[in-house]
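Inspection log for the structure reproduced underneath, given as structure tokens.
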Amino acid sequence: MRVLVTGGAGFIGSHITRALTDRGHRPVVFDALLPSAHPQPPPLPDAEWIHADVRDTGAVARALRGVDAVCHQAAMVGLGKDFSDAADYVGCNDLGTAVLLAAMTEAGVRGLVLAGSMVVYGEGRYDCPAHGPVRPGPRTPADLDAGRFEPLCPRCGAELRPGLVAEDAPPDPRNVYATTKLTQEHLAASWARSCCGRAVSLRYHNVYGPGMPRNTPYAGVASFFRSALARGEAPRVFEDGRQRRDFVHVRDVAAADVLALETLADREPGALTAYNTGSNTPRTVGEMAEELARAYGGPAPVVTGEYRLGDVRHITADSQRLMNELGWKPETSFAEGVAEFASSGLRGE
């Protein structure tokens, strides 16, 4: 299978490219090498290579010649700096996706695997002892300044118990990046309906592993911690460090992408199916910082109480649908993955 991998020189995209090659497929890497994703020039992949922006209609049309399916990874990721990044996020993520899908329609390419994200859910699932499942609103600066990090029941003010989110939970994006990721899914679903395409969105959790970019506001929390350790500094953990996340190794994510691509032909055309893609084992941000510092041999983390507006408190999702329907399962344990990440370094080191 000949697969166009947009963003194929990036952190996740490069692992997908290698996984496709290992499975006997022919990846075509398409990447703009944006500085936000590549502070330093990355190593070029051992595959057919196209240096272009996914918003370039002509370049995308040429890249799609002879392609059987598309794995769309190109995007600006992370929370960024502030709302001034909004136009860049919308341009890269949503306009880029629209250009790609329109070109796929013209080229007759009818298979798509999209890099989705768990951020589309906003806050995760919460249960109130008195009212059952509830959806707390955004946390206020006043509460965060006072160190009140846990959302409370919007009906009675009781403490809530966080749980796992299923794919049928209503979306509630809480920042610009999350909004663009949800828009990508809507665009892909509309494309699938209009041209009888087959589409899958893999809603990634907190992906980590070798090849993460360093020293950029668009990187993930594991990269921030690893960069600090490389500088000989203690990782700085925001809030109280008890925020729940699902850290999933990048090779497991790449395996899910390849499996989704290989099973596209088995799907009914005309729809998009979303799958949560995580380890199914919640961890706290503090646990990641502690495990990484221990594996690296650096200073212990410092819990600062700082916060970022737009961050959610807890978001962990149930990945059982992906396991049941595609036979995927994460292979890399948290301890093994963090140990490897501690010793493998970041891009640009």
Side-chain angles (χ1 to χ4, degrees), residues 4-16 29-39 42 50-57 59-61 63-64 70-105 109 112-122 171-192 197 199-207 212-213 216-220 223 250 253 257 260 272 274-277 308 310-312 315:
L4 181 66
V5 184
T6 69
F11 167 45
I12 299 175
S14 61
H15 282 272
I16 293 170
V29 174
F30 188 104
D31 203 301
L33 301 181
L34 297 177
S36 59
H38 304 280
I50 300 170
H51 183 192
D53 195 300
V54 75
R55 291 166 288 187
D56 183 336
T57 303
V60 173
L64 286 168
V70 173
C71 188
H72 184 32
Q73 305 293 313
M76 283 184 68
V77 301
L79 201 56
K81 297 176 182 176
D82 52 44
F83 200 83
S84 64
D85 291 332
D88 290 334
Y89 273 103
V90 173
C92 287
N93 298 358
D94 297 337
L95 176 59
T97 299
V99 168
L100 173 66
L101 293 172
M104 289 173 64
T105 302
V109 179
L112 173 71
V113 173
L114 172 68
S117 176
M118 53 81 187
V119 296
V120 300
Y121 298 118
D172 184 19
R174 298 288 177 92
N175 55 57
V176 171
Y177 170 61
T179 302
T180 65
K181 296 306 290 183
L182 182 59
T183 301
Q184 284 186 314
E185 287 195 359
H186 288 321
L187 287 167
S190 178
W191 165 82
V200 167
S201 177
L202 297 177
R203 291 176 175 169
Y204 301 157
H205 279 254
N206 290 69
V207 186
M212 291 189 83
T216 166
Y218 303 94
S223 175
V250 65
V253 168
D257 275 275
L272 175 141
Y275 293 101
N276 293 328
T277 308
R308 297 192 304 176
D311 273 345
V312 298
I315 175 62

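When reading the values below, keep in mind they use all heavy atoms of this one structure, side chains included, and skip hydrogens, waters and symmetry mates. The first residue in the sequence is number 1, and the count goes up from there.
Distance check, rounded to the nearest 0.5 Å: CE of M212 to OG of S223 gives 5.0 Å. Within the model, atoms CD1 of I315 and CG of N206 stand 9.5 Å from one another, a figure rounded to the nearest 0.5 Å. Between the CG atom in L33 and the NE2 atom in H51 there is a gap of 4.0 Å [rounded to 0.5 Å].
Nearest heavy-atom pair, G7 versus A74, reported as atom, atom and distance to 0.1 Å: N-CB, 3.6 Å. Scanning all heavy atoms of the two residues, the minimum distance from A188 to L272 falls at CB-CD1, 3.5 Å. Pairing each heavy atom of E185 with each of G116, the nearest pair is OE2-CA, 4.5 Å. Between A9 and D31 the shortest heavy-atom distance is N-OD2, 3.0 Å. When every heavy atom of Y177 is checked against every heavy atom of V77, the shortest pair comes out as CE1-CA, 3.6 Å. Closest non-hydrogen pair, L202 versus A260, comes out as CD1-CB, 4.4 Å.
Residues Q73 and D257 meet the side-chain proximity criterion, which asks for heavy atoms closer than 4.5 Å. Here the side chains of L64 and L4 are in contact, with some heavy-atom distance below 4.5 Å.
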Return all side-chain donor-acceptor pairs below 3.5 angstrom for residues 96-103, not counting sequence neighbours, or 'none' if the list is empty.
| residue | atom | partner | partner atom | Å |
| --- | --- | --- | --- | --- |
| T97 | OG1 | H72 | NE2 | 3.0 |
| T97 | OG1 | N93 | O | 2.5 |
| T97 | OG1 | Q184 | NE2 | 2.9 |

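In terms of modelled atom types and a separation under 3.5 Å, the side chain of K181 and the main chain of M118 share no donor-acceptor contact. Not one N or O on the side chain of S190 forms a donor-acceptor pair closer than 3.5 Å with the backbone of L187.
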**OP:** Before giving the answer on side chain to side chain contact (heavy atoms under 4.5 Å, CB included), spell out for D85 and V176 the whole-Å C-alpha distance, their side-chain angles and the decisive distance to 0.1 Å.
**Re:** CA-CA 8 Å; D85 291 332; V176 171; over 6 Å; no
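In terms of the side-chain hydrogen bond (donor to acceptor under 3.5 Å, both in side chains) criterion, residue partners of D53 (sequence neighbours excluded) are, by chain and number, R55. T105 meets the side-chain hydrogen bond (donor to acceptor under 3.5 Å, both in side chains) test with W191; sequence neighbours excluded. With sequence neighbours excluded, the residues forming a side chain to side chain contact (heavy atoms under 4.5 Å, CB included) with A59 are F30, A52, D56, R62, listed by chain and number. Residues meeting the side chain to side chain contact (heavy atoms under 4.5 Å, CB included) test with V250, sequence neighbours left out: F11, I12, H15, V207, P210. Evaluation of the side chain to side chain contact (heavy atoms under 4.5 Å, CB included) rule for H186 yields L182 as partners, not counting sequence neighbours.
N175 and Y89 form no side-chain donor-acceptor contact under 3.5 Å, judged by distance and modelled atom types alone.
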